[in-house]
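First up is the structure itself, then whatever we jot down about it.
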Amino acid sequence: QVQLVESGGGLVQPGGSLRLSCAASRIIFSFYSLGWYRQAPGKQRELVASITSGGSTCYADSVKGRFTISRDSAKNTVYLQMNSLKPEDTAVYYCNRQNGPSWGQGTQVIVSS
């Protein structure tokens, strides 16, 4: 069952911007906190941003001031606006709920000149 589908990744130069989208199921969107995670080759998956059903947000120190997570209730979609991208932001980005039982395919972000 596909409950979360990520999109919007791509190749961007340092300093550029991307907006990632996560299309969620109605149930997941309505009742769970949602987060964006990323995993670079050889590294652990890490939480970079999260948003609760009430709209409270939290960010990893490495992305504070550059990334913004938001929700669109009409579309059951969570977004991650990424600005001032750095090469170290290169990773596969995933959307998931807190303690989600599985992971999707994610979307690749490559930041390179």
Side-chain angles (χ1 to χ4, degrees):
Q1 314 87 23
V2 178
Q3 297 177 301
L4 298 163
V5 179
E6 304 96 337
S7 63
L11 174 65
V12 64
Q13 291 188 318
S17 298
L18 285 173
R19 189 178 75 158
L20 307 184
S21 298
C22 172
S25 71
R26 177 179 58 81
I27 292 175
I28 289 178
F29 187 89
S30 298
F31 296 106
Y32 294 93
S33 296
L34 293 169
W36 283 98
Y37 303 75
R38 68 186 181 189
Q39 186 170 31
K43 295 186 177 181
Q44 289 287 106
R45 200 192 318 265
E46 63 175 341
L47 177 66
V48 299
S50 63
I51 186 166
T52 68
S53 59
S56 180
T57 60
C58 189
Y59 300 92
D61 288 341
S62 60
V63 306
K64 285 182 179 177
R66 300 188 298 119
F67 290 11
T68 302
I69 188 170
S70 61
R71 303 167 62 109
D72 186 337
S73 298
K75 301 182 185 299
N76 292 333
T77 298
V78 180
Y79 301 97
L80 184 68
Q81 178 66 49
M82 305 186 295
N83 299 325
S84 302
L85 283 162
K86 304 175 180 180
E88 50 263 46
D89 295 318
T90 296
V92 177
Y93 284 70
Y94 302 86
C95 181
N96 213 338
R97 67 172 177 87
Q98 184 175 356
N99 301 127
S102 62
W103 298 89
Q105 296 183 17
T107 184
Q108 176 75 63
V109 172
I110 300 175
V111 185
S112 180
S113 59

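In what follows, residues are counted from 1 in the order of the sequence shown.
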_CD1 on I51 to CG on L34, rounded to 0.5 Å_ = 8.5 Å
*Rounded to the nearest 0.5 Å, how far apart are CG of N76 and SG of C22?*
10.5 Å
*May I ask you to check whether over 12 heavy atoms, not counting those of Q98, lie within 6.0 Å of atom CD?*
no
*Calculate, to the nearest 0.5 Å, the distance between atoms OG1 and CD belonging to T90 and Q108 respectively.*
7.5 Å
*Is a donor on one side and an acceptor on the other found under 3.5 Å between the side chain of E6 and the backbone of C95?*
yes
*Evaluate whether atom CD of Q44 has more than 12 neighbouring non-hydrogen atoms of other residues, nucleotides or ligands under 6.0 angstrom away.*
no
*Under 3.5 Å, side chain of R71 to main-chain N/O of F29, donor-acceptor pair present?*
yes
*Out of curiosity, S112 OG to D89 CG, how far, rounded to the nearest 0.5 Å?*
12.5 Å
*Got a second to check how far S17's OG is from R19's CZ, nearest 0.5 Å?*
12.0 Å
*Heavy-atom pair of closest approach, residues S53 and S33*: N-OG, 4.4 Å
*Are any of the side-chain heavy atoms of L20 and M82 separated by less than 4.5 Å?*
yes
*E46 versus R38: any side-chain heavy-atom pair under 4.5 Å?*
yes
*asked:* Test of understanding: with side-chain hydrogen bond (donor to acceptor under 3.5 Å, both in side chains), list the residues that count as partners of Q39, not counting sequence neighbours.
replied: none
*asked:* Taking the side chain as everything from C-beta on, heavy atoms only, tell me whether Y59 gets closer than 4.5 Å to I69.
replied: yes
*Between R97 and F31, is any pair of side-chain heavy atoms under 4.5 Å apart?*
no
_N96 side-chain N/O to G35 backbone N/O, donor-acceptor pair under 3.5 Å_ = no
*Quick check: does any side chain N or O of T107 sit under 3.5 Å from a backbone N or O of Y93, one acting as donor and the other as acceptor?*
no
*In the single-linkage hydrophobic clustering (I, L, V, M, F, W, Y; side-chain heavy atoms under 4.5 Å), do V48 and V111 co-cluster?*
yes
*Using a side-chain heavy atom cutoff under 4.5 Å and only I, L, V, M, F, W and Y, what cluster partners does L47 have?*
Y37, V92, Y94, W103
_Nearest atoms (heavy-atom pairs only) where Y32 meets I27_ = CD1-O, 4.0 Å
*May I ask whether L80 and I28 are part of the same hydrophobic cluster, defined by side-chain heavy atoms of I, L, V, M, F, W, Y residues being less than 4.5 angstrom apart, directly or through others?*
yes
*Between CG of L85 and CD1 of I110, what distance do you get to the nearest 0.5 Å?*
12.0 Å
